[in-house]
Amino acid sequence: MTDAQLNFPPDFIWGTATAAYQIEGAVNEDGRGPSIWDTFSHTPGKTHNGDTGDVACDHYHRWREDIALMRELNLNGYRFSIAWPRILPQGRGAVNQAGLDFYSRLVDGLLEAGITPFVTLYHWDLPQALQDEGEGWLRRGIVDDFAAYTDAVSRALGDRVKHWMTFNEMFVFCVQGYVTGEMAPGTAIMDPGRMTRAAHHALLAHGAAVRVLRANVPGAQVGLVNYLQAVEAASDSPEDQAAAQRYDGFLNRWYLDPVYTGHYPADMLELFGIFGPPVEPGDMEQISVPLDFQGVNFYERSIITAGDELPLLNVRYVRPPAERTAMNWEVYPPALYDVLLRVHRDYRPPAIYITESGAAFDDEIAPDGQVHDERRVAYLRGYFQQAARALADGVPLKGYFVWSLLDNFEWAHGYSKRFGVIYTDYATQRRIIKDSGRYLAAVAAGRG
Ligand code: FCB
């Protein structure tokens with residue numbers, strides 16, 4: 001398949017995605033309160049090199065320049081997240097108008113540039129005050145706090161922002177935040193009940209927020225963003241097939257089934273047993289409110305065999321030799337096609353967006369002052385082709401957001417992993433459009 005066959009409709013959204021804590025910096029400005037990522041990144045030993053998001057890409061001050069760069073890349077969409085602690089510094093209570101004003105200006109700037117804003121309400125930067133109260137997502141009352149936060153944001157921006165995403169990747173923050181501890185809040189307590197509890201409250205908060213958004217925003221398009229993998233069994237043996245089924249249940253179905261079917265997957269409920277979620281009457285109805293679109297964050301496939309790498313699930317990863325990114329993630333574009341088809345076939349959301357897809361490589365500035373990231377160009381080409389294939393095969397794919405606009409604070413990896421189509425020189429905050437950015441610009445302009 002050549003680029004000439006990259007057939008996307010004229011109204012297709014081409015964008016990049018970012019998250020507040022990863023790019024904004026300005027953590028102490030205009031009344032922002034502390035988040036769990038401030039606490040986590042400032043705790044010795046938690047992030048690579050002790051890196052923090054204190055300055056990040058300084059996007060809080062350079063957003064005009066960043067919008068101009070998006071224009072240069074011919075993009076017509078931008079997915080970004082709102083920092084809850086900028087809006088409600090203590091998690092609840094009095095709204096910080098200066099925080100809302102920042103996002104209001106950003107939205108106006110995007111619209112003036114002809115770029116449709118896609119807003120994520122929760123991309124992991126929980127106000128620290130809510131973490132201190134019953135460990136954040138482990139406390140059922142946080143559902144009301146999230147609904148109140150959603151209300152404040154959507155009242156302020158809902159006249160101009162029509163595309164809303166409630167949560168980014170519940171799987172990742174529930175498992176890595178509350179069980180394995182690799183991410184904020186970073187409590188490493190190997191109790192799967194913490195994951196199912198945090199996830200249940202996040203799912204309830206999602207359902208509550210969808211209702212608030214529909215009430216406050218005329219013409220709202222509301223979706224949820226999931227981290228999804230293509231899960232394959234290592235062999236046809238019943239043991240491997242069952243292992244892959246369990247892993248798929250743990251990673252994919254646990255967060256999709258409740259939303260689209262109103263039930264947690266029965267096989268996983270049985271497996272989790274006493275570690276299951278604290279479901280109360282009416283909860284599943286609240287969680288399964290219809291959505292306008294599903295967001296797919298896609299990075300990896302897993303090949304699974306029966307084994308003891310993950311306790312309780314009794315699975316082991318098989319890692320065949322393959323091209324890998326700087327994150328050690330396999331480059332295998334057909335898996336994106338598989339996931340898109342699967343979401344379409346099994347859940348039938350009215351629309352699907354690829355809300356994140358991209359790769360980290362060890363980019364360097366060349367003697368000519370440019371960044372020749374040909375591996376990322378090839379990566380994007382391969383994944384774009386699979387998206388086009390899925391579209392041709394009937395998937396209602398409406399847009400593609402590359403992760404990420406800029407090299408940024410990659411959570412526990414700090415600044416060591418560069419995902420941007422634009423290079424960030426952290427010492428000077430100079431941005432350099434990489435070759436992959438120019439490639440994206442050509443594709444977005446319909447020139448393939
Ligand atoms: C996703 C996150 C995003 C970024 C990419 C690489 O899991 O949503 O913030 O870190 O991975």
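Every number for a ligand or one of its atoms is a count from 1 in the order of the listing. The figures here come from the full heavy-atom set of this structure, side chains too, leaving out hydrogens, waters and symmetry mates.
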State whether [X] and [Y] are salt-bridged, where the test is any N-O pair (Lys NZ or Arg NE/NH1/NH2 against Asp/Glu carboxylate O) under 4.0 Å.
X    : Y    : value
R92  : D145 : yes
E410 : R418 : no
R345 : D338 : no

Item to complete: Would you indicate which of W403, Y299, W411, Y21 comes nearest to atom 11 (O) of ligand 1 when only heavy atoms are counted?
Response: Y299
Practice prompt. Would you mind listing which atoms of ligand 1 come within a distance below 4.0 Å of any non-hydrogen atom of F419?
Written response: 6 (C)
Item to complete: Examine E169 against ligand 1 and note whether any of their N/O atoms are separated by less than 3.5 Å.
Response: yes
Practice prompt. Please determine which of W254, Y255, F272 meets the ring pair (Phe, Tyr, Trp, His ring centres under 6.0 Å) test together with Y264.
Written response: W254
Discussion item. Could you check whether F146 and W84 have their ring centres less than 6.0 Å apart?
Written reply: yes
Worksheet entry | Y247 and Y317 aromatic ring geometry - parallel, tilted or perpendicular at 30°/60° bounds | perpendicular
Item to complete: Just need the protein heavy atom nearest to atom 3 (C) of ligand 1, so name the residue and atom and give the distance.
Response: E356 OE1, 3.4 Å
Worksheet item: Is the closest heavy-atom distance from N168 to ligand 1 below 4.0 Å?
Response: yes
Item to complete: Answer yes or no for H123: is there a heavy-atom contact with ligand 1 below 4.0 Å?
Response: yes
Worksheet item: Under a 4.0 Å heavy-atom limit, does Q22 contact ligand 1 with its side chain, its backbone, both, or neither?
Response: side chain
